[in-house]
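Written below as structure tokens is the structure these notes are about.
Counting starts at 1 for both ligands and their atoms, following the listed order.
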Amino acid sequence: MDLIRDLAALRERISLIRNQGKEIGFVPTMGFLHEGHLSLIETAKAQNTFVVVSIFVNPLQFGAGEDYEDYPRDLENDSRLAAVAGCDLVFYPVARDFYPSGYGTFVEVQGSITDRLCGASRPGHFRGVTTVLAKLFNLVEPHRTYFGQKDAQQCLVVKKMLEDLNYNVEFIIMPTVREPDGLAMSSRNKYLTPLQRKAAPVLYQSLQKANSLIDNGERDGKLIKELLECNIKTVPGAEIDYIQVVDVKKLEPLSQLAGTCLIALAVKFGTTRLIDNIIVEV
Ligand code: AMP
């Protein structure tokens, strides 16, 4: 497996790979890899002849006071895990090469899909995400790219950017990989204290309760939100950022559930912000 940091070296390698007629599967990450990331890499390996994983903690998508400096980093372990999962090339640029002094171009998807949910709680976050991904897609020139359903809103936003900017990249969404107790895997789970870690599965448990309520015929969006809120508030230290019951295309709040609905939430345990979601068909 290749490890490349330099942008020009990456371009050279990608051009060689494409000239050999290989199909490139690309998994962008911020590193500190876990089984969620590995499931994306394994699927990319199964569907492509060359797999690129990027590891880059992108300063642009962190707000002031967020965890950019503290975000966990472990390139050595990540490279080992990525190689085992089938990665052929890890690209790990440094921030000063990606955003040199005088850098001034940004990619922003506008509208309700970036304004709501995480977009409302983290202004500028999705602009940072789409800017870094536009650059990464230009450099890696993938045939297919793989994202996780855990970040449901990110999937919507990136898909929209790919369509709007005419990228010729197939966009593949993979299911959320969870710990045995249901907690969605996340690099940020590492921040949780033992007590917070014990409480955190309440997120998925609440989503599952909402799901069974809907299975039993409940369609009232407000009532479902209230159920989630009550459940999450039963655990000590959980501070709700948002709970939303929305349509899956525009993220408009639903008073009555219909069609494909997204139930998404963000909850803070101390300074650690966790997100999770389910999709329900009614
Ligand atoms: P991150 O390193 O957190 O930016 O995530 C990189 C990619 O991995 C994104 O497409 C995430 O949606 C995906 N991902 C993160 N956690 C999970 C998970 N638990 N299950 C599936 N995909 C995930």
When you measure from the heavy atoms of Pro28 to every atom of ligand 1, does any distance fall below 4.0 Å?
yes
Between Asn277 and Lys150, is there a donor-acceptor pair closer than 3.5 Å when you use the side chain of the first and the backbone of the second?
yes
Would you say the side chains of Tyr191 and Asp67 form a donor-acceptor pair under 3.5 Å?
yes
Could you tell me whether the side chain of Thr131 and the main chain of Gly128 form a donor-acceptor pair under 3.5 Å?
no
Protein heavy-atom partner closest to atom 20 (N) of ligand 1 - residue, atom, separation in Å
Val177 N, 2.8 Å
Nearest non-hydrogen contact with atom 14 (N) of ligand 1 belongs to which option: Ile173, Asp151, Val57?
Asp151
Please state which option from Arg188, Glu179, His37 has its nearest heavy atom closest to atom 5 (O) of ligand 1.
His37
Enumerated ligand 1 atoms positioned under 4.0 Å from heavy atoms of Leu40:
7 (C), 8 (O), 10 (O), 13 (C)
If you measure from each non-hydrogen atom of Val27 to ligand 1, which part falls under 4.0 Å: side chain, backbone, both or neither?
neither
Would you call Glu229 and Lys225 a salt bridge, using N to O less than 4.0 angstrom?
no
Hey, are Tyr71 and Asn58 close enough side-chain-wise for a donor-acceptor pair under 3.5 Å?
no
Glu35 heavy atom under 4.0 Å from ligand 1
no
Would a single hydrophobic cluster contain both Val235 and Leu195, if residues Ile, Leu, Val, Met, Phe, Trp and Tyr are joined by side-chain heavy-atom contacts under 4.5 Å?
no
The atoms of ligand 1 lying under 4.0 Å from a heavy atom of Met185, numbered in the order shown, are 16 (N), 17 (C), 18 (C), 19 (N)
Below a 4.0 angstrom heavy-atom separation, can you tell me which part of His34, side chain or backbone, both or neither, approaches ligand 1?
side chain
Quick test: of every protein heavy atom, which one is nearest to atom 22 (N) of ligand 1, and how far off is it to 0.1 Å?
Gly148 CA, 3.4 Å
Near Phe147 (heavy-atom distance under 4.0 Å), the atoms of ligand 1 are 10 (O)
Ile214 and Leu265: same hydrophobic cluster, using ILVMFWY side-chain contacts below 4.5 Å?
yes
Should the pair Phe137 and Phe26 be assigned to parallel (<30°), tilted (30 to 60°) or perpendicular (>60°) ring geometry?
perpendicular
Would you check whether Lys150 reaches within less than 4.0 Å of ligand 1, judged by its heavy atoms?
yes
Counting from 1, what ligand 1 atoms have a heavy atom of Pro175 closer than 4.0 Å?
20 (N), 21 (C)
Under 4.0 Å from a heavy atom of Met30: give me the atoms of ligand 1 that qualify, with their elements.
1 (P), 2 (O), 4 (O)
Assess Arg5 against Phe98: is NZ or CZ under 6.0 Å from the centre of the six-membered ring, and within 45 degrees of the ring's axis?
no
